[in-house]
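Beneath this line is the structure, given in structure tokens, with notes to follow.
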Amino acid sequence: MTASAAMFDLTGKVAIVTGGNGGIGLGLARGLAGAGARVIVAARNARKSATAVAELQALGGGGALAIEANVTDEMSVVALFEAVAERCGRLDILVNNAGTNIRKPPPELSLAEWREVLDTNLTSAFLCSHAAYPLLKKSGGGKLINIGSMLSIFGAGFAPAYAASKGGIVQFTKACASAWAADNIQVNAILPGWIDTELTVKARAQIPGLHDSVLKRTPARRWGAIDDFGGIAVFLAAPASDFVTGAAIPVDGGYSVQA
């Protein structure tokens, strides 16, 4: 293996991807598995996770497995990380990807809906990071990747709870990056733009003209695909990014740089 290839090699590494059984999470998991990591898909839909694991194993991610977990529940998260420690013996990479959205303007959003979005998108990242820290430290360091959004940068009247949660993800990323640098743990965030997933199919149905407005503003002149996230996942999980921490990197085809 050449020195440059070794910078992106994840052979022998163990990675957890929350919500890794579909959408952006599956795109991230595909990238990690293709680079040699053993990927644990942590999600609630067991049937969907089993399909994802079979795909990851076919990509060369030998030992990929699914563990059913509710990442908004502290005891379920503790059980998840205990299972990973027992079955895999180590943890090197955590991707906090689980997320949801409820598209309503602020006056129409209930407190229960606000809490559902914040718990799924932000509190879950705290719970999983908290549980991952001792395992990453025991491994001699590791990588923590949080999934934000372009709404970590912009506001949107139709998604106040989502925007608040994803803004919080960036600040949480910076706090962990600062706190854990001494333990050789790099913490970064990915900020997806408009990506073609089940969630954005619903958005296009709910927001008139969204499809055309996205294409008009995006210099790449297309919606993103989930496989656009494999490369950035490998970079942020591999030795190539050992001196990158606290960053929030847009993956949006240039959407966020347009006026």
Side-chain angles (χ1 to χ4, degrees), residues 8-21 25 28-29 31-33 35-44 49 52-53 56-57 61-99 119-148 169 172-190 232-247:
F8 298 94
D9 181 33
L10 298 178
T11 302
K13 302 296 185 182
V14 174
I16 295 175
V17 182
T18 68
N21 59 5
L28 296 160
L32 297 174
R38 183 180 188 185
V39 177
I40 291 86
V41 173
R44 289 182 288 187
S49 294
V53 165
L56 297 176
Q57 290 176 342
L65 58 93
I67 298 177
E68 192 171 346
N70 176 0
V71 292
T72 68
D73 179 83
E74 185 175 12
M75 292 300 100
S76 182
V77 169
V78 169
L80 164 66
F81 283 83
E82 287 178 347
V84 170
E86 180 179 345
R87 298 175 67 174
C88 303
R90 61 183 296 123
L91 178 66
D92 305 280
I93 302 153
L94 168 64
V95 183
N96 284 315
N97 166 77
D119 283 350
T120 303
N121 297 0
L122 183 57
T123 304
S124 69
F126 164 72
L127 291 173
C128 290
S129 300
H130 188 273
Y133 172 71
L135 296 178
L136 295 173
K137 187 175 180 180
K138 184 179 179 181
S139 295
K143 307 285 186 169
L144 201 160
I145 304 168
N146 295 319
I147 307 305
I169 279 288
F172 179 63
T173 296
K174 293 177 181 179
C176 291
S178 178
W180 295 346
D183 298 307
N184 191 31
I185 300 170
Q186 291 83 51
V187 187
N188 294 288
I190 298 171
I232 189 69
V234 172
F235 169 66
L236 291 178
S241 61
D242 280 353
F243 202 56
V244 178
T245 197

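In this text, all values refer to a predicted model and were calculated from it rather than measured experimentally. Residue numbers count from 1 along this sequence.
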Partners meeting salt bridge (charged side-chain N to carboxylate O under 4.0 Å, His left out) with Asp119 (sequence neighbours left out)
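Here no residue qualifies.
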
Go through the structure and list residues passing salt bridge (charged side-chain N to carboxylate O under 4.0 Å, His left out) with Arg90, not counting sequence neighbours.
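Arg90 satisfies salt bridge (charged side-chain N to carboxylate O under 4.0 Å, His left out) with Asp92 once adjacent residues are dropped.
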
List, one per line, each side-chain donor-acceptor pair under 3.5 Å for residues 174-183, sequence neighbours excluded.
| from | atom 1 | to | atom 2 | distance (Å) |
| --- | --- | --- | --- | --- |
| Asp183 | OD2 | Tyr133 | OH | 2.7 |

Can you find a pair of side-chain heavy atoms, one from [X] and one from [Y], that are under 4.5 Å apart?
X	Y	result
Val77	His130	no
Ser129	Leu94	yes
Leu28	Ile190	yes

For Val244, is there any backbone N or O sitting under 3.5 Å from a side-chain donor or acceptor partner on Gln186?
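Checking the backbone N and O of Val244 against the side chain of Gln186, no donor-acceptor pair under 3.5 Å is found.
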
Listed by chain and number, what are the side chain to side chain contact (heavy atoms under 4.5 Å, CB included) partners of [X], not counting sequence neighbours?
X	value
Lys138	none
Ala237	Leu10, Leu32, Ile93, Ile145
Leu135	Phe81, Ala85, Leu91
Arg44	Asn70

Between [X] and [Y], what is the shortest heavy-atom contact and its length?
X	Y	answer
Cys88	Ile40	SG-CD1, 3.8 Å
Phe235	Ala240	CE1-O, 3.8 Å
Ala64	Leu56	CB-CB, 4.0 Å

Of all pairs that satisfy salt bridge (charged side-chain N to carboxylate O under 4.0 Å, His left out), the ones with a partner from residues 65-74, not counting sequence neighbours
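Qualifying pairs: none.
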
Under the ring-ring contact (aromatic ring centres under 6.0 Å, His included) rule, collect the residues that match up with Phe172, sequence neighbours excluded.
none

Please identify each residue that fulfils side-chain hydrogen bond (donor to acceptor under 3.5 Å, both in side chains) with Thr173, with sequence neighbours left out.
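For Thr173 the side-chain hydrogen bond (donor to acceptor under 3.5 Å, both in side chains) partners, ignoring immediate neighbours, are Asn146.
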
Side-chain donor-acceptor contacts of residues 13-21 below 3.5 Å, not counting sequence neighbours, with atom names and distances?
| from | atom 1 | to | atom 2 | distance (Å) |
| --- | --- | --- | --- | --- |
| Thr18 | OG1 | Val95 | O | 3.4 |
| Thr18 | OG1 | Asn97 | N | 2.8 |
| Thr18 | OG1 | Ala98 | N | 3.0 |
| Asn21 | ND2 | Ser49 | OG | 3.2 |

Under the criterion side-chain contact (heavy atoms from CB on, under 4.5 Å), I'd like the reasoning laid out for Arg87 against Ile67: C-alpha separation, chi angles, the key distance, then a yes or no.
CA-CA 11 Å; Arg87 298 175 67 174; Ile67 298 177; 4.2 Å; yes

side-chain contact (heavy atoms from CB on, under 4.5 Å) for Leu127 and Val71? Distances and angles first, verdict last.
CA-CA 7 Å; Leu127 291 173; Val71 292; over 6 Å; no

side-chain hydrogen bond (donor to acceptor under 3.5 Å, both in side chains) pairs touching residues 235-247, sequence neighbours excluded, are Lys143-Ser241, Lys143-Asp242

